[in-house]
Peer 1: 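Here's a structure for you.
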Amino acid sequence: MEIKVVRKVLDVNDTMAAENRRLFAEKNIFVFNLMSSPGSGKTALLEKVLARLMPETRCAVIVGDICTTCDADRLSTTGVPVVQVNTDEFGGDCHLAAHVIRRAANDLDLDAVDLLIVENVGNLVCPAEFDVGEDKRGVVLSVTEGEEKPLKYPLMFRVCDVAILNKIDLLPHLDYDVDLAEKNILSVHPQALVYRVSAKTSEGIEPFVEWLRARTAEKQRKI
Amino acid sequence: MHEMGIAMQIVDIVRQAIPPQMKDVSVEAVNLKLGKLTAVVPESLRFCFTVVTKDTSLEGAKLHIEELPIVVQCRGCGFHSTIDTPEFKCAQCGGPDLDILSGRELTVSTIEMAEET
């Protein structure tokens, strides 16, 4: 005998993500989910970005790692409220799930936040699958990682609205074809916005910061 | 990497779907639809399913995975294409603006129960 079910396996997460999205919309908060492989420079990028956005845009960060509070400690020096999530409590998860974001958001004063950035666990696979209730998604790819990464991890690059090619200050020392990397990103996701930046020297950061400012302002006008 | 969590979710869905009067009937198979544009490795998922069902009422149930291709529709010319390479463009006009019709599925479709004796 056969029982018909037809249920999405990630139903529970998707439902929670929809609830998060409602909560963030109520509070006029633009939510940006930032993902990448480990070591691509998410935290370094955010340190620079937050310094430019604050205090005019009121930011907050939820940062996920399997262990440690190193990233939260670094980001706290910018004066931005930071909540560190350690997924080892949740079985060492390789991604942040919607219910984890909800719990972390309870530790923030959401009435005093315009832009919430989720710095996801470093991983190009799993976080792409888990909606956390964000408005837009971004992926950081550093130029030390290989031009073919977007082709190897198509889901991640397909689901992200923005791709940030980081560490361009290293290009003179590398045999890296940055145009090929961009071409590969656009092959998987022709509508992706690509920014070339150096979180170390701040080169190229401003257009990305401006994009975040504009999206945040747009979200607030909608209400 | 998160196949264990997904296997546990599948088990939850199966348990909730079985009507109370059939609780003692053994589950022979769980049929899952899995799109190619998901971050799930079928082999790992089968392995994890075996692990999480061990010593439970679902022990021995097979996990049948039907893999679905990535099918898109071009917003420009309306053509349906199957995407086999990580190059997302319309096979007819080369247009980049595509709606994904299938390939993102991760869905429990049916459960096969043993015949009652």
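Heavy-atom basis, side chains included; hydrogens, waters and symmetry copies ignored.
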Peer 1: For chain A, find its close neighbours in residues 75-103 of chain B: heavy-atom separation under 4.5 Å, sorted by number, or none.
Peer 2: B:Pro86, B:Glu87, B:Phe88, B:Pro96, B:Asp97, B:Leu98, B:Ile100
Peer 1: Got a sec: does the CD of A:Glu203 have more than 12 other heavy atoms crowding it under 6.0 Å?
Peer 2: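 For A:Glu203, atom CD is not crowded (no more than 12 foreign heavy atoms under 6.0 Å).
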Peer 1: Would you compute the distance between atom CD of B:Gln9 and atom CG of A:Asp11 and round it to the nearest 0.5 angstrom?
Peer 2: 9.0 Å
Peer 1: Quick check on the interface: out of B:Glu28, B:Arg104, B:Gln16, who has the most heavy-atom pairs with chain A under 4.5 Å?
Peer 2: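 Among the listed options, the one with the most contacts to chain A is B:Arg104.
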Peer 1: Tell me, side chain or backbone of A:Phe130 under 4.5 Å from chain B's heavy atoms, or both, or neither?
Peer 2: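 Answer is side chain: those atoms of A:Phe130 sit under 4.5 Å from chain B.
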Peer 1: Heavy atom to heavy atom, less than 4.5 Å: which residues from residues 43-66 of chain B reach chain A?
Peer 2: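 Expected list: none.
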Peer 1: If only atom types and distance count, is the side chain of B:Glu115 paired as donor or acceptor with the main-chain N or O of A:Met1 below 3.5 Å?
Peer 2: yes
Peer 1: For A:His189, give me all partners under ring pair (Phe, Tyr, Trp, His ring centres under 6.0 Å), at least two apart in sequence or on another chain.
Peer 2: none
Peer 1: What pair of heavy atoms forms the shortest contact from A:Cys94 to B:His2, and how long is it?
Peer 2: SG-CB, 3.7 Å
Peer 1: Spell out the residues in residues 3-10 of chain A that have some non-hydrogen atom less than 4.5 Å away from a non-hydrogen atom of chain B, in order of number; otherwise answer 'none'.
Peer 2: A:Ile3, A:Lys4, A:Val5, A:Val6, A:Arg7, A:Lys8, A:Val9, A:Leu10
Peer 1: For B:Lys36, does the NZ atom have more than 12 heavy-atom neighbours from other residues, nucleotides or ligands under 6.0 Å away?
Peer 2: no
Peer 1: When rounded to the nearest 0.5 angstrom, what is the spacing between CD in A:Glu2 and CD1 in B:Ile111?
Peer 2: 9.5 Å
Peer 1: Is it the case that more than 12 heavy atoms not belonging to B:Met113 sit under 6.0 Å from its CE atom?
Peer 2: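 Yes, because the 6.0 Å sphere around CE of B:Met113 holds more than 12 heavy atoms from other groups.
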